[in-house]
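Have a look at the structure below, then the notes.
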Amino acid sequence: MLDIKFVRENPQIVKEAMEKRGAQVRLDEFLSLDEERRRKLAEVEQLKNNRNVVSKEIGLLKKEGKNADELVEQMGQVGEKIKHLDEEVKQIDEKSNEIIMGIPNMPHASLPIGLNESYNREERKWGEPRKFAYEPKAHWDLGESLNILDFERGAKVTGARFAFYKGLGARLERALINFMLDIHTGEHGYTEVIPPFMVNRNSMIGTGQLPKFEEDMFRISNSEYFLIPTAEVPVTNLYREEILEEKDLPILHCAYSPCFRAEAGAHGRDTRGLIRQHQFNKVELVKFAHPDNSYEELEKLTNNAEKILQLLELPYRVITLATGDIGFSSAKTYDIEVWLPSFNTYREISSCSNFEDFQARRANIRYRDAKGKPRFVHTINGSGLAVGRTTSAIMENFQQEDGSIKVPKVLQHYMGGVEFIRT
RNA sequence: GGAGAGAUGGCCGAGUGGCCGAAGGCGGUCGCCUGCUAAGCGAUUAUACGGGCUAAUACCCGUAUCGAGGGUUCAAAUCCCUCUCUCUCCGCCA
């Protein structure tokens with residue numbers, strides 16, 4: 001969430017930022033609620049002060065054996081007033097909280113301004129999309145003919161947008177997970193964690209999925225737990241309500257997890273293949289950084305994700321999302337898009353964001369500065385990478401005319417020396 | 001799942017109705033002392049919110065906070081209720 005004091009003191013700046021995002025927010029309503037809240041708060045605190053003072057007097061009088069009935073009677077009435085005012089303040093709090101929790105983050109000044117993805121800015125390209133002498137096949141066709149992906153039985157056993165990986169397909173997915181984790185832990189300095197794959201409501205609020213996007217989540221029906229949409233949620237919440245040491249920053253974690261997304265509103269989009277599933281694997285990178293250098297850390301994290309694609313020899317490009325295209329909690333996001341031959345375009349395979357203190361404020365993740373004062377950390381995360389989409393990209397980019405798939409060199413020893421996946 | 005114990009500041013730990021934002025210790029910070037080091041002495045050391053004063057996140061005042069939420073009371077860390085979590089024993093289990 002945004003800093004309430006900042007919103008109070010700079011409503012115009014917030015308003016303009018929200019316009020750049022194309023976000024509808026009830027800012028004026030919030031400001032007037034905020035003012036009312038402070039008025040009522042001053043009033044009730046005054047009464048509480050009175051009660052505290054008089055209660056002490058009553059204690060002293062009773063100790064001396066004197067009569068305090070009149071004061072007790074008075075304070076009884078004050079207590080009633082306090083109860084009512086407290087209730088009013090609580091209701092105002094709930095209303096204004098609902099509004100502020102629904103206000104997205106302020107976009108960083110370096111973003112291209114524009115209300116949709118057409119304004120996104122391409123930063124760089126790596127690798128050359130391969131020229132095919134034939135029409136390249138889609139990964140779902142390759143997967144079915146090689147008998148390494150099974151969408152029909154996925155749909156039978158669970159439903160639409162669920163799939164089985166089989167044989168060397170499963171092996172490839174698993175090889176990628178291990179490969180990515182090995183690079184990030186061994187060469188990029190991240191500490192691996194295996195998080196819970198379900199989290200409670202507070203964790204979902206901490207990273208910004210709730211309260212606004214509940215319909216995109218899978219909720220466990222007989223409990224208050226949610227299936228994680230990304231390891232970002234449990235890993236960022238690792239340090240929720242904690243105060244970290246400044247000298248420990250940045251803290252770097254990577255995590256493999258399956259991700260569960262209801263994909264509400266995605267009907268009809270990417271209905272075939274591994275691109276948009278209700279369950280997919282992902283290796284996530286998460287950083288807890290010092291506010292002074294969080295943007296450098298974002299660059300590094302993005303490079304760490306790119307490194308995986310480079311090692312796999314997959315062509316990609318990096319784009320900076322425009323103000324109208326970044327996610328709710330993000331201040332700045334780079335999307336890494338991998339080349340997919342059958343789509344004849346680049347598709348998102350990683351999204352790397354700096355949330356600044358937006359998540360840290362919601363989740364109350366702080367560090368102690370040189371003066372000993374707690375400050376909010378900046379949180380940064382990105383996919384390193386979406387594994388299912390990486391598998392798809394490998395299948396499509398490394399397909400051979402005979403329908404087989406060449407295994408990228410760096411993966412071969414993870415595949416037990418297999419060089420080609422063929423029937 | 002059954003029985004019991006517990007949750008207090010950065011950490012450990014005392015505190016069963018008012019003088020408790022909370023003893024004591026550890027750790028941290030500042031100062032003193034000691035020709036290094038170790039030790040010693042003194043002081044200081046929670047957070048959020050609101051108000052005042054400001055260049056100020058500095059200072060002053062107030063309110064709240066002793067796992068969370070509710071209740072009793074003039075007054076709750078302390079009494080009552082509900083929930084969450086932790087530990088011990090038993091059962092079950094990959």
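Protein chains get the first letters and strands the later ones, always in sequence-line order, with residue 1 at the start of each. Here the structure is a predicted model, which is why all the values come from computation and not from measurement.
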Q.
I need the A/Asn364 CG to A/Asn202 CG distance, nearest 0.5 Å.
A.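 Atom-to-atom, A/Asn364:CG and A/Asn202:CG are 11.5 Å apart.
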**Q.** From OG1 (A/Thr320) to CG (A/Asp335), nearest 0.5 Å
**A.** 9.5 Å
(Q) So does A/Gly273 get a backbone contact from the side chain of A/Gln277, meaning a donor-acceptor N/O pair under 3.5 Å? (A)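 Between the backbone of A/Gly273 and the side chain of A/Gln277 there is a qualifying donor-acceptor contact (under 3.5 Å).
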Q: By nearest nucleotide on RNA chain B, pick out whichever of A/Val44 and A/Val72 is the more 5' one.
A: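 Closer to the 5' end of RNA chain B: A/Val44.
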Given atom [atom1] of [X] and atom [atom2] of [N], what is their separation to the nearest angstrom?
{"X": "A/Glu224", "N": "B/C85", "atom1": "CD", "atom2": "P", "result": "12 Å"}
{"X": "A/Asn202", "N": "B/C85", "atom1": "CG", "atom2": "P", "result": "13 Å"}
{"X": "A/Glu73", "N": "B/U73", "atom1": "CD", "atom2": "P", "result": "13 Å"}
{"X": "A/Leu47", "N": "B/U63", "atom1": "CG", "atom2": "C1'", "result": "12 Å"}
{"X": "A/Tyr367", "N": "B/G28", "atom1": "OH", "atom2": "P", "result": "21 Å"}
{"X": "A/Glu242", "N": "B/G9", "atom1": "CD", "atom2": "P", "result": "13 Å"}
{"X": "A/Met75", "N": "B/A75", "atom1": "CE", "atom2": "P", "result": "10 Å"}

[atom1] spacing across the pair [N] / [M], given as an integer number of angstrom:
{"N": "B/A77", "M": "B/A14", "atom1": "C1'", "value": "12 Å"}
{"N": "B/G21", "M": "B/U78", "atom1": "C1'", "value": "15 Å"}
{"N": "B/G6", "M": "B/G13", "atom1": "P", "value": "14 Å"}
{"N": "B/U84", "M": "B/G27", "atom1": "C1'", "value": "30 Å"}
{"N": "B/U65", "M": "B/U8", "atom1": "C1'", "value": "12 Å"}
{"N": "B/U63", "M": "B/G4", "atom1": "P", "value": "41 Å"}
{"N": "B/G28", "M": "B/G10", "atom1": "P", "value": "16 Å"}
{"N": "B/G24", "M": "B/A46", "atom1": "P", "value": "14 Å"}

Looking at [N], which nucleotide sits across from it as a Watson-Crick or G-U wobble partner, both distances under 3.5 angstrom, or is there none?
{"N": "B/G1", "answer": "B/C90"}
{"N": "B/U84", "answer": "B/A7"}
{"N": "B/A48", "answer": "B/U63"}
{"N": "B/C20", "answer": "none"}
{"N": "B/C36", "answer": "none"}
{"N": "B/A43", "answer": "B/U29"}
{"N": "B/U54", "answer": "none"}

Provide a list of protein-nucleic acid N or O atom pairs under 3.5 angstrom, restricted to nucleotides 18-22 of chain B.
unit_1	atom_1	unit_2	atom_2	d
B/G18	N2	A/Ser55	O	2.6
B/C19	N3	A/Lys63	NZ	2.7
B/C19	N4	A/Lys63	NZ	2.1

Q: With A/Met180 as reference, evaluate A/Thr185, A/Leu285, A/Leu385 under the side chain to side chain contact (heavy atoms under 4.5 Å, CB included) test and give the passing residue.
A: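 The passing option is A/Leu385.
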Salt bridge check, [Y] against [X]: does any charged N sit closer than 4.0 Å to a carboxylate O?
{"X": "A/Glu263", "Y": "A/Arg276", "result": "yes"}
{"X": "A/Asp34", "Y": "A/Arg38", "result": "yes"}
{"X": "A/Arg347", "Y": "A/Glu337", "result": "no"}

Q. In terms of the angle between their ring planes, are A/His290 and A/Tyr367 parallel, tilted or perpendicular, with boundaries placed at 30° and 60°?
A. tilted
Q: Look at the rings of A/His188 and A/His184 and say which category their plane angle falls in: under 30° parallel, 30 to 60° tilted, over 60° perpendicular.
A: tilted
Q) Between A/Tyr334 and A/Glu123, is any side-chain donor less than 3.5 angstrom from a side-chain acceptor? A) no
Q. Any side-chain donor-acceptor pair under 3.5 Å between A/Asn381 and A/Lys287?
A. no
(Q) Using the ring centroid of each side chain, check whether A/Phe218 and A/Phe226 are separated by less than 6.0 Å. (A) no
Q: Take nucleotides 46-54 of chain B nucleotide by nucleotide from the 5' end and write B, S or -, depending on whether a protein heavy atom sits under 4.0 Å from the base, only from the sugar-phosphate, or from neither.
A: -SSSSS---
So which protein N/O to nucleotides 64-71 of chain B N/O distances come out below 3.5 Å?
unit_1	atom_1	unit_2	atom_2	d
B/A64	OP2	A/Asn52	ND2	3.3

Q: Determine, step by step, whether A/Ile336 and A/Glu306 satisfy the side-chain contact (heavy atoms from CB on, under 4.5 Å) criterion, reporting the C-alpha distance in whole Å, the side-chain angles of both residues, the deciding distance to 0.1 Å, and the verdict.
A: CA-CA 7 Å; A/Ile336 303 175; A/Glu306 286 175 67; 3.8 Å; yes
**Q.** Short side-chain N/O contact from A/Asn49 to OP1 or OP2 of B/G62, under 4.0 Å
**A.**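 A/Asn49 to B/G62 OP1/OP2: no side-chain N or O under 4.0 Å.
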